There are 2 protein chains.
Amino acid sequence: MAAKRSGARGKRSRLTSEPVQEPSGESPLSRERIVATAVDLLDAQGLDGLTMRRLADRLGSGVMSLYWHVDSKEDVFDLALDSVLDYRGPPEMAEPQNWRAEIVHMLEDWRAGMLRHPWSASLLPRRALGPNILGRLERMSKILSRAGVADADMNAAIWSLWNYVMGATVTRASFDLSDDDRAAAQQRLTSERYLTIERSRLLLDNDWDGAFRKGLDFLLDGLSRG
Amino acid sequence: MAAKRSGARGKRSRLTSEPVQEPSGESPLSRERIVATAVDLLDAQGLDGLTMRRLADRLGSGVMSLYWHVDSKEDVFDLALDSVLDYRGPPEMAEPQNWRAEIVHMLEDWRAGMLRHPWSASLLPRRALGPNILGRLERMSKILSRAGVADADMNAAIWSLWNYVMGATVTRASFDLSDDDRAAAQQRLTSERYLTIERSRLLLDNDWDGAFRKGLDFLLDGLSRG
DNA sequence: ACCTGAACACCGTTCAAGT
DNA sequence: ACCTGAACACCGTTCAAGT
């Protein structure tokens, strides 16, 4: 928030992806190693499990050594998140012109990538958009314009898909309750006054993937209509 | 996560809303006062600003006194979030049968309520759904079924709207950058290979409210189609 | 039934220093 | 250029005790 005095040492700027020539020497600590280890730690211990001390331990260094390569713990979060979101594109498409299949593929992959690292969902969205996230937005934009979305609607269309994916993913990651938890929640509905959603078993419905796809279809129908 | 030994003192269970008879005595500490003060503190200092010590200070009590009324800091977050989301319904409607206006009103109010307390967006979604959130879901469900959404589509329809609102709100709350930040981000697009979204000025578009409404219309079109 | 202080086992980051 | 330990100013929560 408030600008932090300086930090203007020789670090590379955050979240850029220019090619880095691997030096032949074996620097024991590097941005790349720190980020990769942070992801491992987050996968193993969750969001609260990542502390600078534990991260340094895993890397075999002192805590403060990390701060040469990285600005702050927030910086580590930004980098770890983006590192989990790279996208290599759809498999060879039967019909390369099928924009709808292409966008569904990317968005399902996006969601799946985040759900493989559930901490990433609670981290989103961050102030800083990394190169992988921007790359996905760029790709979406191209597909949508091939699909005939008008320029005037383009930004709203992109953000509506973004919103949908983010909401779905964040929700799915945090509602991963045990069956008992879900049953208890549903139970509560009966005893109080939520009869309609009790009857439709809103909190018991387990088909997250199907619901994601169905809602996405609603939205794409709306986008391509007219 | 792991069940915490007992805590089975005389506390009321979390997040229920049964009527509470106000006793004539003036207990200096109460669940209600704690939650209200937590909201004030969050509004003033943000998510990281809420600590149990600071909360106790504001209430003029010892830290540990809070734990009589509340299970943990997580519990305080659950309660503070739900307390910010109560809904009194739309103003008297010109056409009471206009389901679309009614749902737009509730969802815009939902988003607005959370944006008034920006910390609430980063808190969502939580594992526990409080009574105000459940009440909104119940209301949505009734409106949608009046709108003719089939029972088989109901849960997917509800979650798709939920996803959209959550994604939009969380994003809007965290992207509240200064104009300088946004300009810098947009600048980065030019220098790298994100030409399409650069050209549409995706990161500069300032009309969040308009984009929210537009995307919501896309989704509602899809939901009510056919 | 409700409140308390002391203590425990941690945090992120600053700083001055080492090589 | 890169790494370090000590120190600072905090955390949430357990526990045993008070009234």
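Convention: sequence-line order gives letters A, B, ...; per-chain numbering from 1. This structure is a prediction, so every number in the text was calculated from the model and none was measured. Both backbone and side-chain heavy atoms feed into the values below; hydrogens, waters and symmetry mates do not.
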From [options], pick the nucleotide closest to the side chain of [X]?
| X | options | answer |
| --- | --- | --- |
| Leu29(A) | dC3(D), dG5(D), dG12(C) | dC3(D) |
| Trp68(B) | dT13(C), dC2(C), dC2(D) | dC2(C) |
| Arg53(A) | dT4(D), dT13(D), dT13(C) | dT13(C) |

Practice prompt. Please measure how far the C1' atom in dC3(D) lies from the corresponding atom in dA16(C), and state the result in whole Å.
Written response: 13 Å
Worksheet entry | Ring-face cation of Arg139(A) near Tyr87(A) (centre distance under 6.0 Å, axis angle within 45°) |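 Pair Arg139(A)/Tyr87(A) does not count as cation-pi.
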Discussion item. Check whether Phe212(A) forms a cation-pi arrangement with Arg172(A) (NZ or CZ under 6.0 Å from the six-membered ring centre, at most 45° off the ring normal).
Written reply: no
Worksheet item: For dC15(C), what is the paired nucleotide under Watson-Crick or G-U wobble rules, both distances under 3.5 Å?
Response: dG5(D)
Atom-pair distance ([atom1] on [X]; [atom2] on [N]), nearest Å:
| X | N | atom1 | atom2 | result |
| --- | --- | --- | --- | --- |
| Asp57(A) | dC10(C) | CG | P | 12 Å |
| Met64(A) | dT14(C) | CE | C1' | 7 Å |
| Asp75(A) | dT13(C) | CG | P | 10 Å |
| Arg31(A) | dA1(D) | CZ | P | 17 Å |
| Leu50(B) | dC10(D) | CG | P | 16 Å |
| Leu66(B) | dA1(C) | CG | P | 19 Å |
| Leu55(A) | dC11(C) | CG | P | 12 Å |
| Lys73(A) | dC11(D) | NZ | C1' | 12 Å |

Discussion item. Please tell me whether Asp43(B) and Trp119(B) have a donor and an acceptor in their side chains that are separated by less than 3.5 angstrom.
Written reply: yes
Do any side-chain nitrogens or oxygens of [X] fall under 4.0 Å of OP1 or OP2 in [N]?
| X | N | result |
| --- | --- | --- |
| Ser65(B) | dC2(C) | no |
| Tyr67(B) | dT13(D) | yes |
| Arg54(B) | dC11(D) | yes |
| His69(A) | dC3(D) | yes |

Discussion item. Between Leu195(B) and Arg199(B), is there a side-chain heavy-atom distance shorter than 4.5 Å?
Written reply: no
Worksheet entry | Arg88(B)/Asp86(B) ion pair, N-O < 4.0 Å |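 Asp86(B) and Arg88(B): salt-bridged.
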Item to complete: Under 4.0 Å between any heavy atoms, over every strand shown, what does Met52(B) touch: base, sugar-phosphate, or nothing? Just pick one.
Response: sugar-phosphate
Practice prompt. Give one of base, sugar-phosphate or nothing for Thr51(A), where a contact means two heavy atoms less than 4.0 Å apart.
Written response: sugar-phosphate
